[in-house]
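Working notes, structure below.
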Amino acid sequence: MRRFGVTVTGTGSYTPERVLTNHDLEKMVDTSDEWIRARTGILERRIAAPEQTSSDLACRAAEKALTMAETKADDLDLIIVATLSPDRPFPNTACFVQRKLQADQAACFSLEAACSGFIYAFQVAGGLIRDGVCRKALVVGAEKISMHVDWTDRNTCVLFGDGAGAVILEATEPENDIALAAEMGSDGTLTDLLTVRGGGSENPPGPEILKQRSHYLTMEGREVFKLAVNAMVNSASSTLNKANISSEQLKWLVPHQANIRIVQAVGKRLGIANGNVYMNLHKYGNTSAATIPICLDEMNRGEQLQSGDYVLMVSFGAGLTWGSVLLQWP
Ligand code: UT7
């Protein structure tokens with residue numbers, strides 16, 4: 001039996017001021033606004049300033065979430081930052097967030113599950129709260145993914161953007177737990193489909209890495225597309241089955257925002273009407289671990305989430321990694 005339940009008391013998000021439009025990209029690589037709109041649904045994305053770090057983006061989102069939750073930073077006893085664009089290889093980005101927020105009482109770590117990072121972090125924080133290890137957690141998806149983007153590669157540079165989204169999770173009575181069911185999975189045989197090959201322990205940083213440009217991300221787009229649709233449909237179906245909730249009962253599907261065609265295919269295969277599938281990728285592109293918490297915050301502040309609504313978050317990313325969580329909004 002669960003000792004505690006978990007609830008959300010605040011959400012926040014932040015995207016950098018600088019807007020990079022499809023027309024801007026037309027001047028950088030051989031692409032067109034028409035191609036990007038039609039093939040991805042993205043119209044523009046936000047790019048962090050050179051001096052802005054992922055922890056800076058995380059803090060801006062976290063401050064808004066803390067204000068909504070009427071919580072002081074030093075009441076937090078856990079900070080998890082999901083990111084694939086850490087401030088430094090180590091120490092972890094959550095420790096930078098702790099220092100900047102002065103959240104002196106929190107245990108801090110980062111979690112890397114690429115675009116699925118927020119779903120994984122949400123699950124880990126929930127488990128620690130349910131076990132009574134922590135009572136008040138800040139969970140952030142924060143990415144300065146522009147640091148990994150090769151701005152000469154039209155196959156990838158049109159897709160990504162920077163941003164952060166945050167939630168405050170708190171202990172509650174077990175019967176008020178907002179997470180009804182969840183599922184997570186990975187396939188490590190497909191690490192090479194979407195990756196940054198250089199700069200880690202396999203190919204440590206050095207002049208060769210820069211010469212080969214292997215510090216930039218590469219992706220087998222078509223293959224990833226197919227796998228993304230299948231994995232998200234399977235994960236979402238499994239979570240709905242576990243909770244014995246049908247897709248017709250869902251108020252919202254909140255999918256990872258990688259491509260409008262992926263999102264619409266997932267919604268269609270699950271039998272969810274377009275109007276119940278949340279999308280904001282036209283404004284931000286793919287912000288990796290930040291897509292889902294940015295969506296949640298927009299929906300929450302836009303009063304599109306009512307108490308009792310069933311909300312299914314589902315993600316997919318490099319690794320491969322995927323996961324889903326069914327919430328009943330508090
Ligand atoms: O967050 C993690 C998950 N990531 C994803 O889920 C991304 C999954 N993949 C995708 O979203 C899509 O595969 C892409 C948007 C990356 C590409 O769309 P696509 O419809 O799969 O295009 P494609 O790769 O099959 O390329 C079709 C054509 C190619 O030209 P040819 O070979 O037919 O002459 C590409 O070279 O489109 C060309 N192309 C472009 N043309 C103009 C590729 N990128 C561009 C571009 N502008 N930016």
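Indexing begins at 1, ligand by ligand and atom by atom, following the structure's order. As a basis for the values below, the full set of heavy atoms in this structure was taken, side chains included, without hydrogen atoms, waters or symmetry mates.
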List the closest protein heavy-atom neighbour of atom 39 (N) of ligand 1: residue, atom name, distance to the nearest 0.1 Å.
-> Trp35 CZ2, 3.4 Å

Where's the contact between Ile36 and ligand 1, heavy-atom distance under 4.0 Å: side chain, backbone, both or neither?
-> neither

Is a side-chain N or O of Asp24 found less than 3.5 angstrom from the main chain of Thr21, in a donor-acceptor match?
-> yes

Measure the shortest side-chain to side-chain distance between Thr15 and Ile294 over non-hydrogen atoms and say whether it is less than 4.5 angstrom.
-> yes

Distance from atom 9 (N) of ligand 1 to nearest protein heavy atom, with residue and atom | Gly221 O, 3.0 Å

With the side chain counted from C-beta on, respond yes when Leu253 and Leu270 share a heavy-atom pair under 4.5 Å apart, and no when they do not.
-> yes

Do Lys283 and Glu298 meet the salt-bridge criterion of a basic N to acidic O distance under 4.0 Å?
-> yes

Sub-4.5 Å side-chain heavy-atom contact between Leu281 and Arg45 | no

Are Arg261 and Val263 close enough that some pair of their side-chain heavy atoms sits under 4.5 Å apart?
-> no

Which of the ligand 1 atoms, numbered from 1, are nearer than 4.0 Å to a heavy atom of Asn259 = 10 (C), 11 (O), 12 (C), 15 (C)

Atom 29 (C) of ligand 1: the protein heavy-atom neighbour that sits closest, reported with distance to 0.1 Å = Arg154 NH2, 4.7 Å

Atoms of ligand 1 under 4.0 Å from any heavy atom of Thr40, numbered from 1 in the order shown, are 15 (C)

Using a strict 4.0 Å cut-off to heavy atoms of Arg261, name the atoms of ligand 1 that fall inside it.
-> 18 (O), 19 (P), 20 (O)

Arg39 heavy atoms within 4.0 Å reach ligand 1 at atoms 20 (O)

For Gln257 and Tyr278, indicate whether the former's side chain and the latter's backbone hold a donor-acceptor pair under 3.5 Å.
-> yes

Does a side-chain N-to-carboxylate-O contact under 4.0 Å join Arg213 and Asp150?
-> yes

Give the numbers and elements of all ligand 1 atoms closer than 4.0 Å to a heavy atom of Val158.
-> 48 (N)

Pi-cation contact, Phe4 with Arg135 (under 6.0 Å, within 45°) | yes

Note: Leu194, heavy atoms under 4.0 Å from ligand 1, region reported as side chain

Might you check, step by step, whether the distance between atom 33 (O) of ligand 1 and some protein heavy atom is under 4.0 Å?
-> no

Among protein heavy atoms, which sits nearest to atom 43 (C) of ligand 1, and what does the distance come to when rounded to 0.1 Å?
-> Asn155 OD1, 3.3 Å

How does Thr31 reach ligand 1, by side chain, by backbone, by both or by neither, if only non-hydrogen atoms under 4.0 Å count?
-> both

Non-hydrogen protein atom less than 4.0 angstrom from atom 15 (C) of ligand 1 | yes

Between Ile119, Asn234, Asp187, Val314, which is the residue that forms a side-chain contact (heavy atoms from CB on, under 4.5 Å) with Trp322?
-> Asp187

What's the shortest distance from atom 4 (N) of ligand 1 to any protein heavy atom, and which residue and atom give it?
-> Val224 CG1, 3.7 Å

Under 4.0 Å from atom 41 (N) of ligand 1, is there any protein heavy atom?
-> yes

Look at atom 25 (O) of ligand 1 and find which of Arg222, Gln257, Glu34 reaches it with the closest heavy atom.
-> Arg222

Atom 19 (P) of ligand 1: any protein heavy atom closer than 4.0 Å = yes

Is any NZ, NE, NH1 or NH2 atom of the basic residue among Arg37 and Asp33 found under 4.0 Å from an Asp or Glu carboxylate oxygen of the other?
-> yes

among protein heavy atoms, the one nearest atom 1 (O) of ligand 1 is Asn286 ND2, 2.7 Å

Considering only non-hydrogen protein atoms, determine which one is nearest to atom 6 (O) of ligand 1 and report residue, atom name and distance to 0.1 Å.
-> Ile262 CD1, 3.1 Å

What are the two closest heavy atoms between Ala65 and Gly12, and how far apart are they?
-> CB-N, 3.6 Å

